[in-house]
A.B. asks: 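Below is a structure I'd like to ask you about.
Given the structure is predicted, the values throughout are model-derived calculations rather than measurements. In what follows, chains carry the letters A, B, and so on, assigned in the order in which the sequence lines appear, proteins first and then strands, with residues in each chain numbered from 1.
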2 protein chains.
Amino acid sequence: MSNQFGNKIRLLREENNLLLRQVAPLLEIDSPQLSKIERGERQAKKEYIPLFAKIFKVTIDELLTLWLADQLFDVIQGEPMADEALKSVSKTIKRKK
Amino acid sequence: MSNQFGNKIRLLREENNLLLRQVAPLLEIDSPQLSKIERGERQAKKEYIPLFAKIFKVTIDELLTLWLADQLFDVIQGEPMADEALKSVSKTIKRKK
DNA sequence: TTAGATTTGCATAAATTTGACAAGTCAATT
DNA sequence: AATTGACTTGTCAAATTTATGCAAATCTAA
C-alpha cells in the first residue's frame, strides 16, 4: 500500500510536537479520523490539504503531490497493465500543455 | 477530457456493424447506458471489460489499459502537480516489481 | 495502576454511482 | 410531412460506497 500523504502528515505532526487531538479540531474532524488518515486507512479529503499546509508550514504543492500519488496508486495497484496506462496518461497530459 | 475507452468501444462496435441495442443486452444494461459509456458520460464498470473483449474479439489487456488510463486521467486532470505525482507513482510501481 | 494518546470497531448518515425509463433529437426513407 | 430506426438526454429512485461520530479497546510511559 502506498500512503505517502499520511506518512508525511504524521511525520510533520510529530516534528511539530502536536497531538492528534490538537490537530484534528483544526480540520473539524475527530482524532480517530485523523489517526486513520495518517495510517492510510482512509484518504484525506482534498479540502484538507491547504489546512495541513498552513498548520505545518509547508507548501500546498508538496502535500498535493503526495496526495495525488496516493490516489493514482489506488487506481493501478495490482494492475498488470499499470505501466502502460501510466505512460499513456503521461503522454496525454503532455499533449494538453 | 479523456475517453479512450469509450472511443475504442464505439469504434469496435461500428467496425463490427453492431447497434447499441444489440450490444447492450450482452452487458445486461440498456442502450442509453451503453451510449453514455461510449461517449464518456459514464465510466464502464470494470466487470464489463472482459465482456467487451469477448464481444469484439480483442484482448482484455488492450481494453484494460485504456480503461485504467481514463481512471488515472480523472484523478489528475487539471492538477498542477500531475506530472510530479505520475512520476512518483511510476517509481513506486517499479520498486514493487 | 493511572493517565494520556492513539487505534479499533461499529452504527448511522451522507454522498456517489448505477440502472431503468420516458421523452427527445436526428437522419434517412417513403 | 409522416414514419421508422438509431442514438441521446434528462430524471428519479435504488444500490453501493464512503464518511462521520462515538464508545470501547489498546498501548505507553510514569
Side-chain angles (χ1 to χ4, degrees), chain A residues 1-52 55-56 63-64 66-79, chain B residues 1-52 55-56 63-64 66-79:
Chain A
M1 289 114 287
S2 192
N3 179 30
Q4 298 193 72
F5 183 81
N7 291 341
K8 182 66 178 179
I9 294 300
R10 172 144 297 187
L11 208 62
L12 288 169
R13 183 173 62 79
E14 289 173 347
E15 282 174 4
N16 285 271
N17 287 302
L18 293 168
L19 302 175
L20 288 176
R21 70 177 158 79
Q22 294 177 301
V23 175
L26 304 175
L27 309 165
E28 303 185 63
I29 59 179
D30 65 4
S31 311
Q33 263 180 275
L34 180 53
S35 169
K36 284 166 190 172
I37 288 169
E38 289 186 349
R39 286 173 297 109
E41 187 181 320
R42 136 158 19 139
Q43 296 287 16
K45 279 188 176 176
K46 203 178 170 188
E47 306 91 89
Y48 295 162
I49 296 176
L51 299 175
F52 277 125
I55 293 166
F56 299 130
L63 296 183
L64 180 56
L66 298 175
W67 185 87
L68 286 171
D70 285 351
Q71 311 300 309
L72 292 174
F73 190 85
D74 279 353
V75 171
I76 51 142
Q77 68 156 270
E79 289 294 347
Chain B
M1 275 75 328
S2 193
N3 179 29
Q4 298 192 73
F5 183 81
N7 290 342
K8 182 66 178 181
I9 294 300
R10 173 144 297 188
L11 208 63
L12 287 169
R13 183 173 61 80
E14 289 173 346
E15 282 173 3
N16 284 272
N17 288 303
L18 294 168
L19 302 174
L20 287 175
R21 70 180 156 77
Q22 293 177 301
V23 174
L26 304 175
L27 308 165
E28 303 185 64
I29 59 179
D30 65 4
S31 313
Q33 261 181 273
L34 181 52
S35 169
K36 284 166 189 171
I37 287 170
E38 289 186 349
R39 288 173 296 108
E41 188 181 320
R42 268 184 206 192
Q43 296 287 18
K45 277 188 176 177
K46 203 176 170 189
E47 305 90 90
Y48 294 162
I49 295 175
L51 299 174
F52 278 125
I55 293 166
F56 299 129
L63 296 183
L64 180 55
L66 298 175
W67 185 88
L68 286 172
D70 285 351
Q71 312 299 310
L72 291 174
F73 189 85
D74 279 354
V75 171
I76 50 143
Q77 69 156 268
E79 290 292 347

A.B. asks: Relative to the 5' end of DNA chain D, which residue comes earlier, Q33(A) or E14(B), by the nucleotide with the nearest heavy atom?
C.D. replies: E14(B)

A.B. asks: How long is the line joining CD of E28(A) and C1' of dA14(C), in whole Å?
C.D. replies: 17 Å

A.B. asks: Does a side-chain N or O from Y48(B) land closer than 4.0 Å to OP1 or OP2 of dT18(C), or not?
C.D. replies: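 Checking Y48(B) against dT18(C): no side-chain N or O falls below 4.0 Å of OP1 or OP2.
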
A.B. asks: What about K36(B), does its side chain sit under 3.5 Å from the base of dG19(C) through a donor-acceptor pair?
C.D. replies: no

A.B. asks: Let's see if you can work this out: which of dA6(D), dA22(C), dT7(C) has an atom nearest to the side-chain heavy atoms of L19(B)?
C.D. replies: dA6(D)

A.B. asks: Any side-chain N or O of R13(A) under 4.0 Å from OP1/OP2 of dT6(C)?
C.D. replies: yes

A.B. asks: Rounded to the Å, how far apart are I29(B) CD1 and dT18(C) P?
C.D. replies: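 After rounding, the reported distance stands at 11 Å.
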
A.B. asks: Is there a side-chain contact between R39(A) and the phosphate of dT7(C), meaning an N or O under 4.0 Å from OP1 or OP2?
C.D. replies: yes

A.B. asks: Does R42(B) make a side-chain N or O approach to OP1 or OP2 of dG19(C) shorter than 4.0 Å?
C.D. replies: no

A.B. asks: Find the distance D30(B):CG to dT18(C):P and express it as a whole number of Å.
C.D. replies: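 Going from CG in D30(B) over to P in dT18(C) covers 14 Å.
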
A.B. asks: Distance check needed: dA5(C) P versus L34(A) CG, whole Å only.
C.D. replies: 14 Å

A.B. asks: Provide, to the nearest angstrom, the distance between the CG atom belonging to N17(A) and the P atom belonging to dA5(C).
C.D. replies: 12 Å

A.B. asks: Counting only heavy atoms from other residues, nucleotides and ligands, does the tally under 6.0 Å from CD of E15(B) exceed 12?
C.D. replies: yes

A.B. asks: Apply the side-chain contact (heavy atoms from CB on, under 4.5 Å) test between F56(B) and each candidate in L63(B), L51(B), L18(B), L11(B); give the one that qualifies.
C.D. replies: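 So, applying the side-chain contact (heavy atoms from CB on, under 4.5 Å) to F56(B) and each of L63(B), L51(B), L18(B), L11(B), only L18(B) qualifies.
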
A.B. asks: Is there a side-chain polar atom (N or O) of R10(A) under 4.0 Å from OP1 or OP2 of dT6(C)?
C.D. replies: no

A.B. asks: In whole angstrom, what separates E38(B)'s CD from dT8(D)'s C1'?
C.D. replies: 12 Å

A.B. asks: Is there a side-chain contact between D70(A) and L66(A) in this structure, where contact means two heavy atoms from C-beta onward sitting under 4.5 Å apart?
C.D. replies: no

A.B. asks: Can a side chain N or O of S35(B) be found less than 4.0 Å away from OP1 or OP2 on dC7(D)?
C.D. replies: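 No, outside the criterion.
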
A.B. asks: If only side-chain N and O atoms of Q43(B) are considered, is one of them under 4.0 Å from the OP1 or OP2 phosphate oxygen of dT17(C)?
C.D. replies: no

A.B. asks: Write down the distance between CD (E47(B)) and C1' (dT18(C)), rounded to a whole number of angstrom.
C.D. replies: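 Checked: the CD to C1' distance equals 11 Å.
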
A.B. asks: If you go through the side-chain atoms of K45(B), does one of them form a donor-acceptor pair with the base of dG19(C) closer than 3.5 Å?
C.D. replies: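 Under the 3.5 Å cut-off, the side chain and the base do not form any donor-acceptor pair.
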
A.B. asks: For residues L27(A) and L34(A), determine if any side-chain heavy atom of one lies less than 4.5 Å from a side-chain heavy atom of the other.
C.D. replies: yes

A.B. asks: Side-chain contact, heavy-atom cut-off 4.5 Å: F52(B) with L12(B)?
C.D. replies: no

A.B. asks: Starting at CD of E41(A) and ending at P of dT18(D), how long is that distance when rounded to a whole Å?
C.D. replies: 14 Å

